[in-house]
2 protein chains.
Amino acid sequence: MDLGSRLKAAREKKGLSQRQLARLSGVNNGTISLIEQNKISPTVAILKRLLDTVSKSLGEFFGDHEPGQPERFFSAAELPEFESGEIVFRQVGANIPGRKLQILRERYLPNGDTGKTMLSHDGEEGGIVLAGEIEITVGDEVAVLSEGDAYYFNSTIPHRFRNLGNVECEIVSACTPPTF
Amino acid sequence: MDLGSRLKAAREKKGLSQRQLARLSGVNNGTISLIEQNKISPTVAILKRLLDTVSKSLGEFFGDHEPGQPERFFSAAELPEFESGEIVFRQVGANIPGRKLQILRERYLPNGDTGKTMLSHDGEEGGIVLAGEIEITVGDEVAVLSEGDAYYFNSTIPHRFRNLGNVECEIVSACTPPTF
DNA sequence: CTCTGGCTTTTAATTTCTTAAACACTACAC
DNA sequence: GTGTAGTGTTTAAGAAATTAAAAGCCAGAG
């Protein structure tokens, strides 16, 4: 997985030598050398001390590496349309492997409902209402949003979307990481 | 940093016991126990084997930062409107600390342009065109998208948005992590 | 009650990483 | 040439993580 080169890149980006990084982080310079050569696998504790002093989080450090090069444009017809009960949606970049973002254009028909059992999953999500009205329940909060309104919440909190009106409701939503 | 609880959560989410995870990953079950109790700091190599078998990347694992509890609804009037040249946009949840997602509703007036110097930053972004037409340049690819079309690309690749038409173009976009 | 089978935790032995110091190399000053 | 200061690499001793096996615990079956 070449963790060594990544650490080296991070270190050099900060303009530090192995010894300077060693002094600042309190980690031995020999250890840094061995890690950069992929001769040993550092402890998470050690790696954290190193990344702290080059001001990178573990998340960034490991997140950067799974880049893939998703890069694409999609015509409207290319966006596959899914249907689930009274909800119809199109997903952007559904087949991009390793993507971090899920973007949906959703249409809730009258009575469209994500279901009585609340949804709950890792990550965060948000969106904007483009037309119609939608009732959103998040935890113990309930709100009815209309055109132009927006929401943003932690997806681990149980949530539910319901179209109580008699006109279609359209939403563009995004969440990270993708749920499907 | 409570790496232990996070591993435990990931394991239980997969419905595995310590022993099952041990067998599948090839890591000793005692080690798993000690890690979950934060009694030792695992080697990155070991942690990777564990996360691989619960289908989590190191990036996701460390990226799932402190939960924070962003949870809010925003009325249309509450979304602050920014302006930058011929581009006007509203951001969802601009003031939520530590959020991972940036969602924008953007309006490009005729000649609206992100500028001659291409943009480039960490992360990924995508969006859907709601009205009008927009020219998007990503790396050496150029495309003109109309209503209903969409895009998704790695934000590290230099990119530019331009409204060449004479009608306003409206887009909802999302990117992770936020750029401002 | 007792046994079985599942779980997590703990212990001793082994392996591995981490440290400190020495090594080798380059560049610059005097 | 020689000394000094910088770089990254390598080595033996010590510290810490990993392993394998044993010890507890709890729930259910007989």
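Every heavy atom of this structure was used, including side-chain atoms; hydrogens, water molecules and symmetry mates were not. By convention in this document, chain letters (A, B, ...) are assigned in the order of the sequence lines, proteins followed by strands, and residues within each chain are numbered from 1.
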Separation of C/dT15 atom P from B/Ile46 atom CD1, nearest Å, is 15 Å
Side-chain atoms of A/Gln37 come closest, of C/dT10, D/dT9, C/dT9, to D/dT9
A/Asn38 atom CG is separated from D/dG8 atom P, nearest whole Å, by 16 Å
Separation of D/dT7 atom P from A/Lys8 atom NZ, nearest Å, is 13 Å
Looking only at C/dT19, C/dC7, C/dT10, the nucleotide nearest the B/Gln20 side chain is C/dC7
Assign each of A/Gly26 and B/Arg11 the nucleotide of DNA chain C bearing its closest heavy atom; nearer the 5' end lies the nucleotide of B/Arg11
### Hydrophobic cluster membership, A/Leu119 vs A/Ile103, 4.5 Å side-chain cutoff
no
From CZ of A/Arg23 across to P of D/dA5 the rounded distance in Å is 14 Å
| said: So, does A/Thr31 get its side chain near the phosphate of C/dT18, meaning an N or O under 4.0 Å from OP1 or OP2? | reply: no
The side-chain contact (heavy atoms from CB on, under 4.5 Å) partners of B/Leu34 (sequence neighbours excluded) come to B/Gln37, B/Lys39, B/Ile40
N/O donor-acceptor pair under 3.5 Å between B/Ser25 side chain and B/Val27 backbone:
yes
With the side chain defined as heavy atoms from C-beta on, B/Ile40 is closest, among C/dT18, D/dA21, D/dA17, to D/dA17
Is there a donor and acceptor pair closer than 3.5 Å between the side chain of A/Arg19 and the base of D/dG6? no
Judged by atom type as modelled, is there a donor-acceptor pair below 3.5 Å linking the side chain of A/Arg49 to the main-chain atoms of A/Gly26?
yes
Given the structure, check if the side chain of B/Asn29 and the base of C/dT10 hold any donor-acceptor pair shorter than 3.5 Å.
no
* Taking the side chain as every heavy atom from C-beta outward, state whether A/Arg162 and A/Arg160 have any pair of such atoms under 4.5 Å apart. => yes
Counting the benzene-type ring for Trp, do B/Tyr108 and B/Phe89 have ring centres under 6.0 Å apart? no
Do the side-chain N or O atoms of A/Gln18 get closer than 4.0 angstrom to the phosphate oxygens (OP1, OP2) of D/dT7? no
Here the distance between atom P of D/dG8 and atom CD of A/Glu36, to the nearest Å, is 7 Å
Between A/Ser17 and D/dT7, is there a contact of a side-chain N or O with OP1 or OP2 at under 4.0 Å?
yes
Of C/dT18, D/dT18, D/dG8, the nucleotide closest to the side chain of B/Pro42 is D/dT18
B/Leu21 CG to C/dG6 P, in whole Å, measures 17 Å
Would you say A/Lys39 reaches C/dT16's phosphate, i.e. side-chain N/O to OP1/OP2 under 4.0 Å? no
In whole angstroms, the gap separating P of D/dT18 from CG of B/Leu50 amounts to 9 Å
Looking only at C/dT19, D/dA17, D/dT19, the nucleotide nearest the B/Ser41 side chain is D/dA17
Ranking C/dA20, D/dA20, D/dA17 by distance to the side chain of B/Asn28, first place goes to D/dA20
Query raised in the report: Is any side-chain nitrogen or oxygen of B/Thr43 closer than 4.0 Å to OP1 or OP2 of D/dT18?
Result: yes
